[in-house]
Participant: 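Please read through the structure below; I'll follow up with questions.
In this text the structure is predicted, and so the values were computed from the model without any measurement. FYI, side chains are in, hydrogens and waters are out, and symmetry mates aren't considered; it's all heavy atoms of this structure.
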Amino acid sequence: MAEKGLKKWVITITVITASLLELIDTTIVNVSLPQMQGNLGATLEDIAWITTGYAVANVIILPMSGWLGSRFGRKNYFLASIIIFTIASFLCGNATTLEELVLFRIVQGLAGGGLISTAQAILLETWPKEEVGTATALFGLGAVVGPTVGPTIGGYITDHFSWPWIFYVNIPVGAIAAYATYTFVKETPRSGKGTPIDWWGILLLAIAVGSLQTVLEKGETEDWFATPYITALSIASVLGIILFIWREFSTDHPIVNFKIMRHRSFSVGMFTSFVLGFGLYGSVFVFPIFCQNLLGFSAQQTGEILFPGGLVTIAMMPFIGKMLQKGIPAQFMATVGMFLFFIFSHMLSKSTLASGTSDFFWPLVIRGVGMALLFVPLTTLAIQDLRGAEIGQGTGLNNMMRQLGGSFGIAALTTLIHIRQGFHRTVLLENVNAYNPAFVEKFNAMVRSFMAKGYSLLDAQQVALKAMDLSVLKQTLLLTYSDAYWVAGGILLCSIPLLYLQKFKKNKNVPVDVH
């Protein structure tokens, strides 16, 4: 039964805050990795396991969260996830070795995965059926804004405090969320008590999704299949997925109920959520690298540039919910969102080495509007036909696909950048020769300039060649990032036809899970 008045809003703020903690923690540590590396005496490859371990644990638990919520009671599972996440945050801040930090990050990721889908299911249960669009919009604030503001918060903390405070800031927020959950969220009956646990399903799920996520996280840095353990994990993920699906269809008590795939809207929604994750996390990954590596912005400056787009998304979310309530088809809204994301990508592909912070304001505002128009309608379309306990399962699978989409997006764009960087450098170097009048003219001008500063002819020529090489490198990176933006925008644009495979419903009165 839906809640009313102040209690409804207290529960809403509580679950959004808890899920926001998890979502911010997916990106907040990225800007602090160099500081952690120096403090813990780790290599760059080793320190990356701090983010990889968290992501792998997170994506393993997401599809299981619906089953765990049903078995232990949604409130109990949500409360336990908050408490474990908060304790793990304290332990991460107190870690003195890399091994400790990676271990506690894995625990944090397992608890965090339980927060997202359970929070969404609680929210759908708390709001009246006719206001589900608004509830989904409010939940979308965390899902879209969290990864965007994470680098801003992380950059500020890193610049003004030490890296443990990235984890310590979770403690008071987690404590308040745990108290509010215990006090205000209503109990839900447990189901499946006394029935056998699908241990084989849990094991196969961990192998399948964990191996796949690890391959996506580490593949590019390990030169993909040139590294034996990446090859082994790739085989394990394929076999694990096949065996897991077979197991879940053949057992009477599956940990993931694949029967919900019979709903066409949900099946298609899994693909559109994957695409959303590709665009959301992929663009947030490429833009900071572009700003910091090429334009020389600091981590905090880059975060501040991203912030206005996040504010636009926050402002838009309530209106999106109201538009859904009034019967505007979610397909039309998502189509506009994908077009806006493509425009954002097109505008950024036109960036130059002289681009400043003001040049990114409007593209990121357009992205903010587009993301608001994407997240809520796509989620609403995906879960519109689910009933009862299917909602908990559906939100878990849907969130997992968005997370995997982000991992695929980052892996694909990283590989694209690596490949295209070599291609563009080869093309540009073809013009760097003594037979190109433009090159000769620029090179001679640089030599004269350095000689005027007191360099000998030989030294001036060597310095000029280094300067020309640096110029080629910058132009190479600029062209490469432009390609990455085009790919990210093009994939969303090409996905528009998928939206029209889902049912049209005027009022998206998504049924609420009563279990």
Side-chain angles (χ1 to χ4, degrees), residues 15 18-29 48-95 98-122 142-143 146-147 150 166-167 170-171 173-174 177-178 181 197-199 201-214 216-218 233 237 240 244 255-256 392-393 395-404 406-407:
V15 298
S19 60
L20 193 60
L21 272 178
E22 194 277 335
L23 288 157
I24 288 176
D25 262 55
T26 58
T27 57
I28 194 173
V29 302
W49 282 103
I50 293 172
T51 55
T52 301
Y54 183 88
V56 170
N58 203 262
V59 82
I60 286 173
I61 210 72
L62 275 171
M64 294 170 52
S65 58
W67 174 80
L68 288 166
S70 296
R71 188 170 185 87
F72 298 106
R74 188 170 296 143
K75 174 181 176 177
N76 295 335
Y77 177 53
F78 188 65
L79 180 60
S81 296
I82 295 173
I83 292 171
I84 294 171
F85 186 89
T86 306
I87 293 171
S89 296
F90 171 76
L91 294 173
C92 284
N94 262 25
L98 178 65
E99 290 76 16
E100 286 181 8
L101 185 54
V102 171
L103 174 63
F104 297 139
R105 277 287 281 175
I106 290 172
V107 174
Q108 198 183 37
L110 290 171
L115 291 175
I116 301 300
S117 301
T118 313
Q120 193 172 4
I122 290 172
I166 283 176
F167 302 108
N170 294 335
I171 296 172
V173 181
T181 299
I197 297 174
D198 181 19
W199 291 112
I202 294 173
L203 177 63
L204 289 169
L205 175 65
I207 292 172
V209 181
S211 298
L212 177 60
Q213 182 72 16
T214 305
L216 293 172
E217 291 275 335
K218 305 293 290 183
L233 287 177
S237 66
F244 175 67
I255 194 170
V256 174
Q393 290 273 6
T395 53
L397 285 171
N398 199 49
N399 283 302
M400 182 197 74
M401 287 302 288
R402 187 173 65 250
Q403 183 92 351
L404 282 176
S407 298

Participant: Report yes if the side chains of Trp199 and Ile202 come closer than 4.5 Å at any heavy-atom pair, otherwise no.
Facilitator: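 The answer is yes; the side chains approach within 4.5 Å.
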
Participant: To the nearest 0.5 angstrom, please state how far the CD1 atom of Ile61 sits from the CG atom of Leu68.
Facilitator: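 With rounding to 0.5 Å, CD1 (Ile61) is 5.5 Å from CG (Leu68).
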
Participant: A side-chain contact here means heavy atoms from C-beta on lying under 4.5 Å apart; do Phe244 and Ile207 qualify?
Facilitator: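 No. Closest side-chain heavy atoms not under 4.5 Å.
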
Participant: Once you round to the nearest 0.5 Å, how far does OG of Ser89 lie from CG of Asn94?
Facilitator: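 CG of Asn94 is found 11.5 Å from OG of Ser89.
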
Participant: What are the two closest non-hydrogen atoms of Val107 and Ala88, and how far apart are they?
Facilitator: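 Here Val107 and Ala88 meet closest at CG1-CB, 4.1 Å.
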
Participant: I want to check something: taking the side chain as every heavy atom from C-beta on, are Leu98 and Ile50 in contact at a cut-off of under 4.5 Å?
Facilitator: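 A side-chain contact exists here, since the closest heavy-atom pair is under 4.5 Å.
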
Participant: How close do Thr118 and Arg74 get, counting heavy atoms only, and between which atoms?
Facilitator: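 Closest heavy-atom pair between Thr118 and Arg74: CG2-CG, 3.3 Å.
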
Participant: Please give me the minimum heavy-atom distance between Gly240 and Ala208, naming the atom from each residue.
Facilitator: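 The answer is C-CB, 3.4 Å.
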
Participant: For a 4.5 angstrom cut-off between non-hydrogen side-chain atoms, does Leu110 reach Ile84?
Facilitator: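 No - every pair of side-chain heavy atoms lies 4.5 Å or more apart.
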
Participant: How long is the gap from OH on Tyr54 to CZ on Phe104, to the nearest 0.5 Å?
Facilitator: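 The CZ atom of Phe104 is 16.0 Å from OH of Tyr54, to the nearest 0.5 Å.
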
Participant: Going from CZ on Phe72 to CG on Leu79, what distance comes out if it is rounded to the nearest 0.5 angstrom?
Facilitator: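 The distance works out to 14.0 Å.
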
Participant: Using every non-hydrogen atom in the two residues, find where Ala18 and Ala177 come nearest and quote the distance to one decimal.
Facilitator: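 In this case the closest contact between Ala18 and Ala177 is CB-CB, 4.4 Å.
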
Participant: For residues Ala178 and Ile83, report the shortest heavy-atom separation together with the two atoms involved.
Facilitator: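 Between these two residues, the closest heavy atoms are CB-CG1, 4.3 Å.
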
Participant: In Å and rounded to the nearest 0.5 Å, what is the OG1 to CD distance from Thr86 to Gln108?
Facilitator: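 So the gap between those two atoms works out to 9.0 Å.
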
Participant: Determine whether Leu115 and Phe78 make a side-chain contact, defined as any pair of heavy atoms from C-beta on separated by less than 4.5 Å.
Facilitator: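 Side-chain contact under 4.5 Å: yes.
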
